[in-house]
Asker: 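Sharing a structure with you now.
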Amino acid sequence: MKYYTLLIAALLSCLSFTSCKDNESEYAEDETRLANSFVYQIMDYYYLYNEGISKNGTPVIDYTNENDTKKYFKKLLDPKDIFSFITDDAEGFKQSQNGISSSMGWDYSFMYADNSHKYVVAAINFVYPNTPADRAGVKRGDFIFEVNDKRLTPDNFQELWNTNGKYEGSHFFAENTEIPIGYDLTAEEIHTSPVAATNIFTLSDGTKVGYLLYMDFYAEFNNELTDVFNSFKAEGISRLILDLRYNPGGEMLACSHLASLIAPASADADEEVILQYTYKSNLSSENGEDSDITKFKKSVLGSNLDLKDIVIIQGRNSYSASEATIIGLKPYMNVYTIGDVSGGKNTAMYVLTPDLFVNNKTKEPFFDESINNWLVAPLVAVYYNSKDETFDTTDGDGMEPDFAYNEFDDLNRHELGDANEALTALALKYIETGSLSQQKSANIDSHTGMVDITSYKKPKALQIPFTINK
């Protein structure tokens, strides 16, 4: 998802919303109608696919008769749109952008357990330090089958997951050997950084290779990213592995910052274009030239690595800003990708809350404060790189990797950033030898695929490559 704070602010003076603040007692009793009004006006004005939302200025769907704002919002979505979203917990969303959430402190992927699709398992991908999961001993490579004595199924896994209680499963190694596991977990408010893991490898010829696991694009952590690249630069790394396999995207301010730390220094110095956006006609004319592009940043030249090539690890949970980073860097350097097909989101969004819309003259809000915790994030643009290139998403997927490899083909899942971890080892081999043999790559759809935890897509997984004896 993208959070365009500055662009949103620049557009407020262009809106002509009708104030909804005449009879406070009436509105206090009719919060749903107020929220519906906000949703309608936002979607009609901003939405990339807004045809059919209104006709001659009149709503096609009478929102005053809609009793559920979230269901009303879904009625306005184009069938091909699986990304626009709504929430009545704007504060929670904003906290998540700062790395604050109530969680066990893990990253995970859901998979079907067999061809019958009867059961689901949760594969633990990463555990953040000093969190409930970390203190309980949860590790990458754990597969969770049960929560509070209930098997995970397609119908209950979202409800059961992250609830307090007993989690059971197995930790698997190569050759399908397993060790039963069990954890007693209680969620708590945690503070995590998307700059999740780093390492520096030294190859046999002395080449130093940096590794960065980046889990979300949050601009709040741009300074932390800069610190990492300063340390890379001080250590003299000349090659980089960027691990985006579990990164669902985020803010374009973070995307441009990361890209600027990586790209050839000349791209930063000349403030070249990373991405350009195609909006609906009304937004394109009002946004102005500066909002139609994202540029490399001259301000980070002192921390820039001036790389000529990069290896990026991607996967089915690499969406949006992750894909934008890959495609945005390609005109300026050799980008070699390893892993699975990316998620498939070449669109940008605005994140909008009622409190943003204020009359510039009177400073009065356009919308009643009672609905300020609603948040609507509509798709507003399609992005392209500086060569007018994007990627095809019509098949529901994104970009194919240069080298396809399914990390679940090796159940001995080493920690991320370990030189022996399957995809990291492939990246290091490519850097050292300049090539990888596709004959050694498994068919990535042969037996494993991940259920996207954001419910953007239907799962592609058919079965996992072992039998659960439980």
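Just so you know, these numbers use all the heavy atoms, side chains as well, and skip hydrogens, waters and symmetry mates. Along the sequence shown, residues carry numbers from 1.
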Asker: Among side-chain atoms of E188 and S102, is any donor-acceptor pair under 3.5 angstrom?
Answerer: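 Checked: E188/S102 side chains show no N/O donor-acceptor pair below 3.5 Å.
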Asker: Working note: Y246 + Y108, criterion ring-ring contact (aromatic ring centres under 6.0 Å, His included); need CA distance, chi angles, decisive distance, verdict.
Answerer: CA-CA 9 Å; Y246 307 127; Y108 46 85; over 10 Å; no
Asker: Quick check, are the ring centers of F85 and F93 under 6.0 angstrom apart?
Answerer: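 Ring-ring flag for F85/F93: true, centres closer than 6.0 Å.
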Asker: Would you call the rings of Y218 and F221 parallel, tilted or perpendicular, taking 30° and 60° as the class edges?
Answerer: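 Y218 and F221: tilted rings.
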Asker: Taking the ring centre of each residue, are F126 and Y128 less than 6.0 Å apart?
Answerer: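 Centroid distance F126-Y128: below 6.0 Å, so yes.
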Asker: Hydrogens and angles aside, do T207 and D205 bring a side-chain donor and acceptor to less than 3.5 Å of each other?
Answerer: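 Judged by distance alone, the side chains do pair up.
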Asker: I want to check a possible cation-pi pair here: K345 against F83, using under 6.0 Å from ring centre and within 45° of the ring axis as the test.
Answerer: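 Yes.
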Asker: Measure across Y47 and S84 and return the closest heavy-atom pair with its distance rounded to 0.1 Å.
Answerer: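 Of all heavy-atom pairs spanning Y47 and S84, the closest is CE1-OG, 3.6 Å.
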Asker: Give a yes-or-no answer on whether the side chains of N230 and S303 include a donor-acceptor pair shorter than 3.5 Å.
Answerer: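 Yes - a donor-acceptor pair under 3.5 Å links their side chains.
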Asker: Are W374 and N36 close enough that a side-chain donor and a side-chain acceptor fall under 3.5 Å?
Answerer: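 Distance-only check fails for W374 and N36.
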Asker: Look at K150 together with E168 and state whether they make a salt bridge at an N to O cut-off of under 4.0 Å.
Answerer: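 No salt bridge links K150 with E168.
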Asker: Any idea how Y279 and Y277 line up, ring-wise: parallel (<30°), tilted (30 to 60°), or perpendicular (>60°)?
Answerer: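 Y279 vs Y277 ring planes: tilted.
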Asker: Taking the basic N atoms (NZ, or NE/NH1/NH2) and the acidic carboxylate oxygens, is any pair closer than 4.0 Å for D309 and R239?
Answerer: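 So D309 pairs with R239 through a salt bridge.
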Asker: Are a donor atom and an acceptor atom from the side chains of T337 and D402 found within less than 3.5 Å of each other?
Answerer: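 Yes.
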Asker: Heavy atoms, side chains only, cut-off 4.5 Å: are H257 and K297 in contact?
Answerer: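 Contact flag for H257/K297 side chains = yes.
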Asker: For the CG atom of N162 and the CG atom of L185, what is their distance to the nearest 0.5 Å?
Answerer: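 It is 9.0 Å, given to the nearest 0.5 Å.
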Asker: Hey, are R413 and D142 close enough for a salt bridge, meaning a charged N less than 4.0 Å from a carboxylate O?
Answerer: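 No, R413 and D142 are not salt-bridged.
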Asker: Does a side chain donor of either Y167 or N148 reach within less than 3.5 Å of an acceptor in the other side chain?
Answerer: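 Short answer, no.
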Asker: Could you tell me how the ring of Y430 sits relative to the ring of Y336: parallel (under 30°), tilted (30 to 60°) or perpendicular (over 60°)?
Answerer: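 Because their plane-to-plane angle is under 30°, the rings of Y430 and Y336 count as parallel.
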Asker: Validate the cation-pi geometry between K166 and Y183: distance from NZ or CZ to the six-membered ring centre under 6.0 Å, angle to the ring axis within 45°.
Answerer: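 Cation-pi check for K166 and Y183: fails.
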Asker: Under a 3.5 Å cutoff, is there a donor and acceptor pairing between the side chains of S109 and N125?
Answerer: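 Distance-only check passes for S109 and N125.
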Asker: Do you know which two heavy atoms are closest between D340 and Q314, and how far apart they sit?
Answerer: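 Where D340 meets Q314 most closely, the heavy atoms are O-NE2, 2.8 Å.
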Asker: side-chain contact (heavy atoms from CB on, under 4.5 Å) with I100: which of K94, Q95, E220?
Answerer: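 Output: one option passes, namely Q95.
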Asker: With a 4.0 Å cut-off on N to O distance, would you call D397 and R316 a salt bridge?
Answerer: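 Judged by the 4.0 Å cut-off on N to carboxylate O distance, D397 and R316 do form a salt bridge.
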Asker: Classify the side-chain pair T87/D89 by whether it contains a donor and acceptor separated by less than 3.5 Å.
Answerer: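 Side-chain D/A pair, T87 to D89: absent.
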Asker: May I have the step-by-step check of salt bridge (charged side-chain N to carboxylate O under 4.0 Å, His left out) for R151 and D149, ending in yes or no?
Answerer: CA-CA 7 Å; R151 287 293 301 270; D149 298 321; over 6 Å; no
Asker: Is a side-chain donor-acceptor pair under 3.5 Å present for S386 with Y332?
Answerer: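 A donor-acceptor contact under 3.5 Å links the two side chains.
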Asker: Can you check whether V311 reaches I431 side chain to side chain, under 4.5 Å on heavy atoms?
Answerer: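 V311 reaches I431 side chain to side chain.
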Asker: Would E415 and K139 pass as an ion pair if we require N to O under 4.0 Å?
Answerer: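 Salt bridge absent between E415 and K139.
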Asker: Side chains of D243 and Y211: any donor to acceptor distance under 3.5 Å?
Answerer: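 Yes, side-chain donor-acceptor contact under 3.5 Å.
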Asker: When F229 is tested against each of N304, I262, V300 for side-chain contact (heavy atoms from CB on, under 4.5 Å), which residue passes?
Answerer: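 Answer to the side-chain contact (heavy atoms from CB on, under 4.5 Å) test with F229 among N304, I262, V300: I262.
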Asker: Distance only, no hydrogens: is a donor on one side chain within 3.5 Å (strictly under) of an acceptor on the other, for H191 and S101?
Answerer: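 The answer is no; no qualifying pair exists.
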